[in-house]
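These notes are about the structure you will find just below.
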Amino acid sequence: MGEKRFMKGNEAIAEAAVRAGCRFFAGYPITPQNEIPEYLSRRLPEVGGAYVQGESEVASVNMVYGAAAMGTRSMTSSSGPGISLKAEGISYLAAAMLPAVIVNISRGGPGLGSIQPAQSDYLQATKALGHGGFHAMVFAPNSAQEAADIMYAAWDYAERDRNPVLVLMDGCLGNIMEAVDLPPMREIKPEDAPEWSLSRRNGRDYQGNITPIYTEPILEGINAMAGEMYKAWEEDDVKVEEFMVEDAEYIIVAYGIASRVSKEAVLNLREKGFKVGLIRPITLYPFPKKSIRNLDYDRVKGIIDIEMTIPAQMREDIELQVMGRCPVYEYGRSGGCLLDDDGVYDAIYEIITGGDR
Amino acid sequence: MAVYKRPELIADAPSGYCPGCLHSLATKLVAEAIEELGQADNALNVISVGCSALNILYWSGDFLSVAHGRAPAAATGIKRTNPERLVFAYQGDGDLAAIGLAEIMSAANRGENFTVVFANNQTYGMTGGQMAPTTLIGQKTTTTVYGRDPQTTGYPMKMCELISTLEAPVYVARFALNSPKGVNDARKGLKKAFRLQMEGKGFTFIELLTNCPTNWKMTPLQTLEYMNTNTIPYFKPGVYKDKEAQA
């Protein structure tokens with residue numbers, strides 16, 4: 001690995017993007033993700049890349065659409081209200097089969113909501129990032145290090161699939177500082193521009209065109225191909241952390257910041273003799289279905305969904321795998337109020353000692 | 001000896017534009033200007049939404065089809081990462097002066113080094129003739145059946161005038177395609193805009209006044225006359241900004 005630095009989650013995302021070969025960023029200021037555009041506004045020109053502060057989130061994602069069409073590794077970042085505005089462009093990226101990375105450093109919602117951290121964009125991220133029924137792979141890191149590692153790999157997935165990738169991380173993780181082992185700088189030459197791109201730096205001497213609009217039978221075929229791709233993700237690309245699950249009678253399911261608080265609670269409850277474990281989805285889409293579906297429900301007495309949003313949004317994905325074989329509980333904080341160790345510990349303790357939530 | 005022929009950038013296919021529509025003439029003028037500059041292989045057409053999107057069927061050079069109103073944003077992403085290319089957006093009036101107003105004004109204000117060709121026919125042609133931001137006062141459309149009333153819908157937007165107030169643009173001009181002189185002026189204007197872009201001078205904007213026989217509910221000849229008596233007096237052709245001439 002390269003070098004170790006003490007940096008904010010947002011900065012880790014930005015630096016890892018540059019090292020992954022990202023050479024175009026467009027975005028619009030919104031809290032709590034401002035460190036990403038600020039960092040890239042000075043960093044990208046150092047490596048021959050371009051930074052544009054767009055007039056809106058709508059314009060910014062369409063700038064990314066243009067840059068991505070040229071085969072340039074491109075990204076934008078925002079938070080919930082801005083991701084809603086980017087929905088148009090993300091849908092067009094999927095339609096035009098363009099790879100790009102979108103980062104959502106999430107905050108309280110709906111609406112302008114709150115500028116404080118929350119995990120209120122799960123459903124938007126996993127079910128409907130835009131109109132037209134498409135999906136993007138959704139990664140949910142729970143540390144600055146993991147955020148850097150995921151950003152470093154994000155374009156590999158995006159280019160493999162010719163599809164946008166979403167990184168969803170709450171404002172807490174975006175702003176806490178941690179030590180990050182940064183990956184080495186990856187050099188991508190202009191002549192390496194993909195064959196499908198509109199670049200001519202790769203020597204292409206025939207017409208290139210990219211559109212987000214198709215004749216009906218072709219669109220139907222493209223929809224079906226996307227469906228096959230989503231199925232392949234479930235087989236090949238699920239990332240999940242299972243912690244003390246083997247003998248656990250109660251399983252917590254949590255991602256991002258909620259998983260860190262939950263892990264602490266698991267350790268404390270284990271000390272008291274309670275058999276508790278944690279399943280942490282790292283990919284929210286594809287969802288780690290098998291980790292939950294294949295649990296031994298003769299042993300498991302309950303699943304506890306812990307999220308920093310009320311009501312819990314991941315619950316239906318969990319219930320679809322539990323299939324009624326044990327109760328599913330939920331606990332959360334919301335609106336920008338943070339989960340804390342005591343609150344999560346108490347909630348789990350209450351549930352496993354016979355309370356109901 | 002000059003040979004009159006189909007530009008290589010226009011596919012040898014029947015036109016999807018309605019009979020008498022000046023869009024096909026506008027597209028041809030763009031193609032000819034690019035070819036005369038020897039930029040056919042280097043040009044990249046950013047195709048917008050509306051009748052302009054029919055370019056998808058005819059444009060034989062590189063193109064990227066984009067969301068409604070966002071062509072200047074997409075063109076920004078293209079040109080910032082591939083500055084050697086000749087990049088132009090081809091937009092209609094609904095696309096550019098309504099849903100894409102933020103994108104066109106901001107790209108012009110940043111002085112992005114590409115060209116926007118603006119086909120102004122004062123209506124939403126593709127969707128069936130609704131009122132556009134450029135529809136003339138009193139002009140009848142499917143959403144202003146008694147004629148556009150400024151009391152409730154405001155006045156037609158003058159984009160050349162607006163854009164020429166900005167510091168960054170280097171060449172802003174409007175031409176009417178309803179006369180041989182207008183066509184010749186447009187040809188020169190387009191060529192100048194593309195040349196300035198390839199010299200790295202900055203943002204160039206060409207507005208082409210066109211027609212819509214289908215939705216204006218006129219014969220093609222009547223539309224050309226209507227443009228003389230109604231369109232041109234309001235949207236006055238001319239060069240609104242020319243930094244090169246000022247220098």
Side-chain angles (χ1 to χ4, degrees), chain A residues 22-26 28 44-45 48-76 86-93 95-96 98 100 130-131 190 193 197-201 204-215, chain B residues 8-11 39-50 52-87 89 99-114 126:
Chain A
C22 175
R23 290 297 177 268
F24 184 80
F25 176 96
Y28 186 86
L44 276 172
Y51 163 90
V52 182
Q53 183 160 322
E55 57 271 28
S56 68
E57 283 91 346
V58 175
S60 300
V61 72
N62 281 287
M63 291 174 188
V64 167
Y65 180 92
M70 305 310 288
T72 305
R73 290 193 160 191
S74 307
M75 69 174 283
T76 184
K86 289 184 200 295
E88 172 192 87
I90 300 171
S91 176
Y92 277 69
L93 284 167
L98 292 175
H131 67 278
S197 77
L198 298 181
S199 175
R200 293 220 176 210
R201 291 174 176 178
R204 179 175 55 83
D205 61 355
Y206 50 89
Q207 187 206 20
N209 65 71
I210 294 175
T211 91
I213 184 170
Y214 304 95
T215 54
Chain B
E8 285 169 22
L9 283 168
I10 306 283
Q39 293 291 324
D41 289 340
N42 193 39
L44 205 163
N45 184 352
V46 184
I47 297 177
S48 61
V49 171
S52 54
L54 289 169
N55 265 310
I56 291 171
L57 304 174
Y58 314 121
W59 193 259
S60 302
D62 287 359
F63 70 78
L64 176 65
S65 164
V66 306
H68 201 23
R70 318 297 177 222
T76 298
I78 294 166
K79 192 73 182 191
R80 293 287 187 112
T81 55
N82 287 254
E84 73 277 13
R85 299 298 291 272
L86 188 159
V87 178
I99 198 167
L101 200 50
E103 284 78 6
I104 184 62
M105 293 306 288
S106 302
N109 190 49
R110 287 192 302 268
E112 296 292 344
N113 187 33
F114 56 72
M126 181 64 89

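When reading the values below, keep in mind they use all heavy atoms of this one structure, side chains included, and skip hydrogens, waters and symmetry mates. A note on names: the letters A, B, ... follow the listed sequences, proteins ahead of strands, and every chain is numbered from 1.
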Rounded to the nearest 0.5 Å, how far does [atom2] of [Y] lie from [atom1] of [X]?
X	Y	atom1	atom2	result
A:Tyr65	B:Ile78	OH	CD1	9.0 Å
A:Ser56	B:Arg70	OG	CZ	7.0 Å
B:Asn55	A:Asn209	CG	CG	12.0 Å

Side-chain contact, heavy-atom cut-off 4.5 Å: [X] with [Y]?
X	Y	value
A:Met70	B:Arg85	yes
A:Glu55	B:Met105	no
A:Asn62	B:Glu103	no

Quick one: closest heavy-atom pair of [X] and [Y], and the distance?
X	Y	answer
B:Pro83	A:Arg201	CD-NH2, 3.7 Å
A:Ala59	B:Ala73	O-CB, 3.5 Å
B:Leu64	A:Gly66	CD2-CA, 3.9 Å
A:Tyr92	B:Val66	CE2-C, 4.2 Å

Neighbour count above 12 (heavy atom, 6.0 Å) for A:Tyr51 OH: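 Result for OH/A:Tyr51: enclosed.
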Contact winner vs chain B - A:Ile213, A:Val58, A:Val64, heavy-atom pairs under 4.5 Å: A:Val58
Max heavy-atom pair count under 4.5 Å with chain B, selected residue of A:Val61, A:Thr72, A:Asp205, A:Leu198: A:Leu198
Under 4.5 Å from a heavy atom of chain A, the part of B:Thr81 involved: both
Atom group of B:Ala67 that falls short of 4.5 Å from chain A, counting heavy atoms: both
Main-chain N/O of B:Asp62 paired to A:Gln207 side chain as donor or acceptor, under 3.5 Å: no
Heavy-atom contact with chain B under 4.5 Å, split by part of A:Ala50: side chain
Candidate pair A:Arg200 and B:Glu84, rule salt bridge (charged side-chain N to carboxylate O under 4.0 Å, His left out), full reasoning: CA-CA 10 Å; A:Arg200 293 220 176 210; B:Glu84 73 277 13; over 6 Å; no
Residue that, paired with B:Asn82, satisfies side chain to side chain contact (heavy atoms under 4.5 Å, CB included) out of A:Pro190, A:Ser197, A:Ser199: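 With B:Asn82 as partner, side chain to side chain contact (heavy atoms under 4.5 Å, CB included) holds for just one option, A:Ser199.
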